[in-house]
Amino acid sequence: MVLKKTKKAVAFALSLSMLAAVASPLTASAKVNGKEGRTLPEKFGDDTYKNMFDSLYDDVVTNGTKNGYLSKEGIPYHAVETLIVEAPDYGHETTSEAMSYLVWIAAMKDNLSKKSGELAKAWKTMETMIPTVQTGFMAAAAPSATYSDEWEQPEKYPTDMLTGNNGLNPIHKNFISAYGSDKGLYLMHWLADVDDWYGFGGGSGGFTFINTFQRGEEESCFETVPQGCIEKLEYGMKGTRGIKGIFTTEDKVAEQWSYTNAPDAEGRAIQGVYWASRWGVGDSSVEALAGKMNDELRNDMFDKYYKKIDEKTTKTDTSAGYDGAHYLMAWYTSWGGAIDGMWTWQIGCSHCHQFYQNALQAYAANDTKHAAISGNMKSEGAAKDWKQSFDRQMEFYEWLQSKEGPFAGGATNSWKGRYETYPSGISTFYGMAYVPHPVYADPGSNGWIGNQVWSTQRIAELYYAAKEDGDTKTAERCKAMLDKWVGWFEENMKWNKADEDGNQVPFQMPSTLVWGDNAQPDTWAGSKPANNNLTFTIGGYGYSDVGCLSSLSNTLLWYAAAEGVEYGTDKGGEKAILAFNIAQTLIDAMWDMYRDDIGVSHPEENGSLKRVFEQKVHIPDGYKGTMPDGSPLEPGATFISIRKTYEDDATFKELKAYYDTNKKTEGFELNYHRFWHIGDYLMAAGTMATLFPDATPRKGYSMDAEIPVPSGDKAGTVAPAGSPVNDPTEAPADPTKTPDDPTKAPVDPTKTPDDPTKAPVDPTKTPDDPTKAPSGKTLLGDVDLNGNVDITDISVLSLAILDKKLPTGQAFTNADVDADKEVGLTDLASLKQYVSKVITKFPAEQ
């Protein structure tokens, strides 16, 4: 969609003079929810980053129910909007991820207000995701993990369990000893139907745990069969197989319960509690619970069937105790049992993704100086295991980092989910095989850029904490990874360029990465490898993903602060200053352009939504049942045929009408307010207010000054505190020049400063005709004909192109730097690169 913005903003955006990226005209906007920007006053104003945070928090949490973010009980929805399919398959489901963001932003709220209270309320709400029905689990000495093959395609399911091939969790007994009075594990199930839209709660309209993904790496979110976590045989094949029968070969399914966690969510919540303590606004009762949660997250450190971590392991091998610990945060742990408590089970996960690691959380588990987490883990072996996990996670990051900076996917201890022999030549990490896309291949689990920014944000926080604590070794390891990662993003952001549809947009970040078919890291040998064969390309760019843009900004701010950047100074070095300036640019620009009456959002399109109408869902032969709403569950089902309730959704009706006409969903505009998107934006603004309290938001479109710049600048010099917004119809100030001495006569802004290396101009002589060459010679790039090629020429050419009043005479000849007899955006791009020293010769000179 074409962004709309004023000519004034356009002109200055075109003068992003020091960027190496090619520039093109911008027509930008804030069209959101059918309105042009925000129409309501900001509750707390937006003149500071703290006030921006408070005003948005007021929209999202304080008035979250009114604005559609929260249920009437205060539970965050995945999104305000209902029609959405992206792991959750309905917008008013919630996730452990959303709950963790609620805790994280509450910790930041307490930090900025300098008083406790919001964190405790958020944690109490988050506990809704901790299941209460876990009958018999803490009474069972050893829940069993009965082996069953994984398969690539959903059509290969259900698959038999191998009776007698049982694994045992070696640390379950420790949790019984420490927390035996609990009903079960103090971990969150990952997915719930907040308002019982599906009806697995009996149509009560109340909160109900549900699950989806169960059938291999190719089971996309469009191919799942939702089911309740409490199986009482009331739906599906009633009385016999229930809905669970789709995933098991049993003729008679027992009434049972089952849950799955996603440990990155618990890690984020713990991260918030840890920082609240460090900020001096912690809550001891919450810290006790966070410590217990962190302790029990050790369940995610083990192989799926607790088999030995080794490339020679086979599916017939027995349970290996602690030899089955990979010490990483795996994709999940799952656990369950009979409704009557007669039996229980638990599995770990053999597949580990860099995306789920949280070395900061592991650091907190061993931080005895700030003991909010470390002082509240009660079970045997907790500190030892987390110390090992911290070292292993750091090594995992180092192993998976490409030479350019981004991180590759992960590793598995069970090739193809069946403990098959590793392919010849596969790279390994402590006996685990490299996998570019662990767990999911539709789409590939390490393609989305969120896999980079979410995970690396934690490394940036760790870098800051380690430096603050004097942990030089940890800080140096973080810095080595972040220098590359940050540098890659700095080089690969796009500013004021056309998107893939030809629409001119203010900024774009890489949105997907495509990892090479034969790319892999070097086998781990105890130190960070060169990884020359770990290659990837950028698969696309985007500008509507507020969450990823905000998470990137958050990451860059922690990095800049750890590097010693101080607002308004040149401290911290070029890379760190540029990181700060990019972060501030994105935060300010999104506020100015994407802010609406309930949040920060931008319209988007989703071509994959055609699968709502086309995607077949595998139902095994011989199975015939119904969903709670009466939708048939039988072979031949599709995504929408088993979700008839969607047909009552207003947005669905609009999408269907569009699809019926166009046979595609590209072009259908959606405007989502995802809770995690808003959470990441809140954290970015809050981080700015915390780490750089003197920084001042820039208004009137945040790219109205020369930012970001790769060298010779100061953090925040785009518009220093108290300075007016530059008029983009005039040449912008050169950030490399020293401000005028106020004791001297002011410089006449209409005159070009004299070149001190040249003889002064004789004021008695008539100036040369600017349409002719001053000396009869062409000086490529000298658009303003002052004898120099500098930032002013970029501004002059930018405005000339914008106003469609191209230079004439010698100015035209000088501007035509590629000698194609035309003056346009290509010439402007080359001029920018020349001034920023990316190139030393113009195309016409090569």
Side-chain angles (χ1 to χ4, degrees), residues 136-150 161-180 184-187 260-261 263 292 294-337 343-352 356-357 362 365-366 377-393 395-396 410-415 417-422 428-433 524:
F137 193 75
M138 296 305 277
S144 69
T146 304
Y147 177 84
S148 180
D149 286 328
E150 293 179 14
M161 294 186 291
L162 298 186
T163 304
N165 187 348
N166 297 332
L168 299 176
N169 182 345
I171 59 174
H172 180 73
K173 62 182 183 294
N174 299 340
F175 300 137
I176 294 175
S177 176
Y179 311 113
L185 291 179
Y186 194 74
L187 300 176
T260 299
N261 89 320
K292 175 168 65 172
N294 201 77
D295 192 347
E296 294 184 8
L297 273 175
R298 292 188 290 146
N299 281 294
D300 293 87
M301 295 182 183
F302 288 84
D303 174 73
K304 184 173 183 178
Y305 297 106
Y306 307 100
K307 299 181 188 296
K308 186 176 181 179
I309 307 299
D310 191 288
E311 57 189 285
K312 296 180 181 178
T313 294
T314 69
K315 68 182 181 182
T316 58
D317 288 349
T318 58
S319 186
Y322 258 95
D323 285 343
H326 43 60
Y327 292 103
L328 299 167
M329 285 292 95
W331 198 269
Y332 58 79
T333 183
S334 294
W335 70 106
W343 48 267
T344 60
W345 60 269
Q346 183 174 16
I347 57 175
C349 181
S350 306
H351 313 311
C352 301
Y356 271 21
Q357 307 313 303
N366 285 279
M377 298 186 301
K378 297 181 179 180
S379 72
E380 180 183 342
K384 176 178 175 291
D385 286 352
W386 277 111
K387 185 178 186 304
Q388 180 81 348
S389 180
F390 174 77
D391 292 335
R392 192 63 56 87
Q393 287 188 51
E395 290 176 326
F396 199 52
T412 184
N413 191 52
S414 178
W415 190 257
R418 300 186 291 274
Y419 297 95
E420 293 184 358
T421 302
Y422 295 173
T428 59
F429 176 82
Y430 285 101
M432 301 175 75
W524 179 255

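Residue numbers start at 1 and run along the sequence shown.
- Residues passing the side-chain hydrogen bond (donor to acceptor under 3.5 Å, both in side chains) test with H351, sequence neighbours excluded: E150, T412.
- For the atom pair CZ of F175 and CG of L185, the computed distance is 7.5 Å after rounding to the nearest 0.5 Å.
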Practice task
Please report the C-alpha distance between T344 and W335 in whole Å, then the side-chain angles of each, then the deciding distance to 0.1 Å, and finally whether the side-chain contact (heavy atoms from CB on, under 4.5 Å) criterion is met.
Solution key: CA-CA 8 Å; T344 60; W335 70 106; over 6 Å; no
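- A donor-acceptor contact shorter than 3.5 Å links the side chain of H326 to the backbone of C349.
- Here the closest non-hydrogen pair linking P263 and L297 is CB-CD2, 3.8 Å.
- Residues that satisfy the side chain to side chain contact (heavy atoms under 4.5 Å, CB included) test with E380, not counting sequence neighbours, are N174.
- Counting heavy atoms from C-beta outward, K304 and S414 have side chains that stay 4.5 Å or more apart.
- For D300, the side-chain hydrogen bond (donor to acceptor under 3.5 Å, both in side chains) criterion is met by N261, not counting sequence neighbours.
- Partners of Y186 under the side chain to side chain contact (heavy atoms under 4.5 Å, CB included) rule, at least two apart in sequence or in another chain, are W123, E127, I130, L289, K292, M293, E296.
- The shortest distance between side-chain heavy atoms of Y179 and M138 falls below 4.5 Å.
- Checked against salt bridge (charged side-chain N to carboxylate O under 4.0 Å, His left out), K307 has no partners two or more places apart in sequence or in another chain.
- With sequence neighbours left out, the side chain to side chain contact (heavy atoms under 4.5 Å, CB included) criterion links L168 to A142, S319.
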Practice task
Determine, stepwise, if the pair W415 / E311 fulfils side-chain contact (heavy atoms from CB on, under 4.5 Å).
Solution key: CA-CA 9 Å; W415 190 257; E311 57 189 285; over 6 Å; no
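- T146 is linked by a side chain to side chain contact (heavy atoms under 4.5 Å, CB included) to S144, M161, N166, counting only residues two or more places apart in sequence or in another chain.
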Exercise for the section: Quick one: do Y305 and S350 satisfy side-chain contact (heavy atoms from CB on, under 4.5 Å)? Show the steps, please. Expected result: CA-CA 8 Å; Y305 297 106; S350 306; 5.7 Å; no
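- The minimum heavy-atom distance between M432 and C352, with the atom names listed, is CE-SG, 3.9 Å.
- Across G337 and W345, no two heavy atoms sit closer than the pair N-NE1, 3.7 Å.
- To the nearest 0.5 Å, the span separating CD1 on I309 from CZ on F302 amounts to 9.0 Å.
- Scanning both residues, P143 and A140, for their nearest heavy atoms gives CD-O, 4.0 Å.
- Rounding to the nearest 0.5 Å places CG of D295 at 10.0 Å from NZ of K378.
- Once rounded to the nearest 0.5 Å, the distance linking CD of Q388 with CG of L328 reads 10.0 Å.
- T163 is linked by a side-chain hydrogen bond (donor to acceptor under 3.5 Å, both in side chains) to nothing, counting only residues two or more places apart in sequence or in another chain.
- Checked against the 6.0 Å centroid criterion, the rings of Y327 and F390 do not qualify as a close aromatic pair.
- A 4.5 Å side-chain heavy-atom check between Y322 and I171 finds at least one atom pair inside the cut-off.
- Residues passing the ring-ring contact (aromatic ring centres under 6.0 Å, His included) test with F429, sequence neighbours excluded: F396, W399, W524.
- Across all their heavy atoms, A145 and Y306 have their closest contact at CB-CE1, 4.0 Å.
- Between the OG atom in S334 and the CG atom in N299 there is a gap of 11.0 Å [rounded to 0.5 Å].
- Looking at residues two or more places apart in sequence or on another chain, you find a ring-ring contact (aromatic ring centres under 6.0 Å, His included) between W331 and H353, Y356, Y440.
- In this structure, CD in Q357 is found 7.0 Å from OG in S389, a value given to the nearest 0.5 Å.
- Contacts classified as salt bridge (charged side-chain N to carboxylate O under 4.0 Å, His left out) and involving residues 312-329 (residues at least two apart or in different chains) are given here: D149-K315.
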Problem - side-chain contact (heavy atoms from CB on, under 4.5 Å) assessment of W386 paired with Q393 - result: CA-CA 10 Å; W386 277 111; Q393 287 188 51; 4.1 Å; yes
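- Residues satisfying the side-chain hydrogen bond (donor to acceptor under 3.5 Å, both in side chains) criterion with N413, sequence neighbours excluded, are D303.
- No donor-acceptor pair under 3.5 Å is formed between the side chain of Y147 and the backbone N or O of G167.
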